[in-house]
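Working notes, structure below.
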There are 2 protein chains.
Amino acid sequence: MNVRQKISAEDMRERILVVAEEHFRRIGYAKTAVADIAQAMGMSPANVYRFFPSKLAINDALCAKIMRETDALIMSIVERPAPASERLRALIVELHRHNKEKLTNEHRLFDMVEVAMEENWPAIEAHCECVVCQMARLVTEGIASGEFRPVDPADFAETAFNATAKVFHPTMIAQCARFGDDQEDHARRIADLILAALRP
Amino acid sequence: MNVRQKISAEDMRERILVVAEEHFRRIGYAKTAVADIAQAMGMSPANVYRFFPSKLAINDALCAKIMRETDALIMSIVERPAPASERLRALIVELHRHNKEKLTNEHRLFDMVEVAMEENWPAIEAHCECVVCQMARLVTEGIASGEFRPVDPADFAETAFNATAKVFHPTMIAQCARFGDDQEDHARRIADLILAALRP
DNA sequence: TTTCTGATAAAAATCGAAAATCATCATACG
DNA sequence: CGTATGATGATTTTCGATTTTTATCAGAAA
């Protein structure tokens with residue numbers, strides 16, 4: 001029964017997140033109350049708090065769920081059978097494209113991500129760490145294969161990540177998009193810059 | 001007399017900007033009306049509009065004046081008697097430090113700059129062009145002296161500038177400052193990254 | 001003429017208070 | 001034990017009235 005309960009509770013959390021995501025998509029992140037979510041599931045608002053300690057916990061959990069999808073994309077790129085340099089380049093360009101696409105097509109949902117970044121929710125920190133970590137992995141592999149000069153992979157990855165803020169950070173993407181910049185080209189060029197810094 | 005008039009008008013524009021700057025510093029950018037400026041100068045609000053076509057024109061002109069001070073700092077760095085690599089590094093680190101310091105110490109005045117960036121006022125565009133231009137100059141000189149490998153200076157400078165958004169852009173600086181990041185270290189590392197990309 | 005002012009239209013910001021909504025919790029119910 | 005109700009205090013929203021603010025223009029002053 002202990003197992004049964006755990007499964008059920010975890011299942012309920014998941015179901016709450018699904019309903020929350022629907023509402024965020026439709027109504028917007030700021031406008032949906034936990035009462036809306038509860039009502040849509042035929043339960044009382046108070047009952048939702050049996051599964052999440054606060055609304056922010058719901059938000060963060062949903063944020064984490066969304067970011068995990070992005071992380072999956074990253075992993076799929078990193079695991080491609082290709083030279084490290086090519087994968088690093090693809091990571092930068094495709095992650096930028098992915099972020100920009102989500103930002104424009106799922107605007108409602110990505111309001112939340114922007115707030116999450118401004119307030120540094122745990123889910124965001126985890127995601128950024130994932131990106132840096134995978135970059136470091138590519139750097140390590142590139143060094144091993146002789147494509148890259150020897151550097152400290154973790155340090156270099158962190159700096160490279162910082163250098164891509166212009167094409168990764170939602171605020172920057174939104175701002176540049178308003179001016180009609182060709183950001184995908186920027187992403188490519190920044191990737192080139194990073195790869196140039198890794199030349200042996 | 002034509003000359004006299006022109007000097008007088010230009011002088012008046014300058015005096016308006018000085019008064020506007022005082023008010024922005026004290027009361028804040030959003031809270032000062034052109035009536036305040038006019039009153040402080042003992043003239044009617046209407047008369048101000050003889051020298052500036054709109055309030056935004058005043059804002060932009062003042063913004064340009066402020067940015068020109070920053071541009072002067074940049075020039076002074078670029079003209080130092082030192083290797084191009086050292087000057088490029090100093091440019092990145094010191095411009096970051098300058099921006100961050102202004103952002104924290106002259107908060108009231110820099111509200112305006114943040115708005116200006118979000119709305120892409122002409123003064124901002126001119127400033128960014130100045131930064132890129134001076135970076136390009138340093139790249140050119142570094143190539144000539146053999147410090148750097150041959151690249152297209154303008155292209156490279158633009159990309160390098162984009163890569164420094166994290167440590168130059170007011171929004172990013174403010175955000176990172178809130179989390180207590182050591183941004184000056186980030187600036188140094190990004191400078192290293194850029195210099196590494198320029199190795200022969 | 002040239003330089004400025006006062007009056008003023010239109011748009012926007014501000015304000016305060018009433019009403020509604022919200023997250024959360026203590027407690028009652030099945 | 002899991003669930004729901006109802007209450008609470010805090011925040012947010014609403015809305016209409018009032019004030020500011022921007023910007024213009026005819027005409028006074030110099």
Side-chain angles (χ1 to χ4, degrees), chain A residues 1-17 19-24 26-63 108 111-112 115-116 118-119 121-122, chain B residues 1-17 19-24 26-63 108 111-112 114-116 118-119 121:
Chain A
M1 56 180 172
N2 198 352
V3 172
R4 218 202 120 105
Q5 275 167 28
K6 248 200 164 177
I7 288 176
S8 179
E10 200 48 47
D11 191 49
M12 192 59 96
R13 284 171 55 91
E14 183 58 29
R15 264 199 275 165
I16 289 172
L17 291 183
V19 174
E21 184 170 342
E22 274 170 24
H23 273 70
F24 286 6
R26 200 146 33 82
I27 304 173
Y29 147 70
K31 300 286 171 196
T32 66
V34 317
D36 297 331
I37 299 169
Q39 196 192 8
M41 301 184 68
M43 38 153 109
S44 80
N47 200 35
V48 172
Y49 283 89
R50 302 200 358 91
F51 302 98
F52 288 98
S54 69
K55 184 176 187 190
L56 197 135
I58 300 175
N59 292 340
D60 185 60
L62 180 51
C63 203
R108 281 270 153 66
D111 289 351
M112 184 178 61
V115 173
E118 257 155 39
E119 298 177 359
W121 297 359
Chain B
M1 58 184 166
N2 199 355
V3 171
R4 217 199 124 103
Q5 277 167 30
K6 247 201 164 176
I7 287 177
S8 180
E10 200 47 48
D11 191 48
M12 192 58 97
R13 284 172 55 91
E14 183 58 28
R15 266 200 274 166
I16 288 172
L17 291 184
V19 174
E21 184 171 342
E22 275 170 23
H23 273 68
F24 286 6
R26 202 147 31 83
I27 304 174
Y29 146 70
K31 300 286 171 196
T32 66
V34 319
D36 298 331
I37 298 169
Q39 196 192 7
M41 303 184 68
M43 47 153 102
S44 77
N47 202 34
V48 173
Y49 283 92
R50 298 204 331 105
F51 303 98
F52 289 98
S54 70
K55 180 167 190 199
L56 197 135
I58 300 176
N59 292 340
D60 185 59
L62 180 52
C63 202
R108 281 270 154 66
D111 290 352
M112 186 180 58
E114 239 178 299
V115 174
E118 257 155 39
E119 299 177 358
W121 297 0

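All heavy atoms count here, side chains included; hydrogens, waters and symmetry mates do not. Here is how names work: the chains are called A, B, and so on, in the same order as the sequence lines, proteins then strands, and each is numbered from 1.
As rounded to whole Å, 15 Å separates atom P of dT3(C) from atom CZ of R13(B). In this structure, I16(B) places its CD1 atom 15 Å from C1' of dT22(D), rounding to the nearest Å. The CZ-C1' distance, from F51(B) to dT5(C), rounds to 13 Å in whole Å. Rounded to whole Å, the distance from CE on M43(A) to P on dT5(D) is 12 Å. As a whole-Å value, the separation of I37(B) CD1 from dT20(D) C1' is 15 Å. Protein atom CE of M12(B) is 10 Å distant from nucleotide atom P of dT3(C), rounded to whole Å. For D36(A) and dT12(D), the CG to P distance is 17 Å, given to the nearest whole Å. Here dT21(C) presents its P atom at 12 Å from CD of Q39(A), a figure rounded to the nearest Å.
Paired with F52(B) under the rule side-chain contact (heavy atoms from CB on, under 4.5 Å), one option of I37(B), D60(B), L17(B) passes, and it is L17(B).
When the nucleotides dG2(D), dC4(C), dA4(D) are ranked by their closest atom to the side chain of R50(A), dG2(D) comes out on top.
To the nearest 0.5 Å, atoms CD1 (I58(B)) and CD (E21(B)) are separated by 13.5 Å. Taking CG of N59(B) as the start and CD of E119(B) as the end, the distance is 9.5 Å to the nearest 0.5 Å.
In terms of heavy-atom proximity, A116(B) sits nearest to C63(B) at CB-SG, 3.9 Å. Minimum interatomic distance between Y49(A) and S54(A) (heavy atoms only, all atoms of both residues): CE2-CA, 3.8 Å. Of all the heavy atoms in H23(A) and T32(A), the pair that sits closest is O-CG2, 3.5 Å. Taking every heavy atom of both residues into account, K31(A) and D36(A) meet most closely at O-OD2, 3.9 Å. In this structure, F51(B) and R13(B) approach most closely via the heavy-atom pair O-NH1, 3.1 Å. Taking both residues in full, the closest heavy atoms of M43(B) and M12(B) are given as CE-SD, 3.7 Å, listed atom of the first, atom of the second, then distance.
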Give me the distances for all protein-to-nucleotides 24-30 of chain C N/O pairs that come in under 3.5 Å?
from    : atom 1 : to     : atom 2 : distance (Å)
dT24(C) : OP2    : Y49(A) : OH     : 2.5
dT24(C) : OP2    : K55(A) : N      : 2.8

Would you tabulate the pairs of protein nitrogen or oxygen atoms and nucleotide nitrogen or oxygen atoms of nucleotides 11-13 of chain C closer than 3.5 angstrom?
none

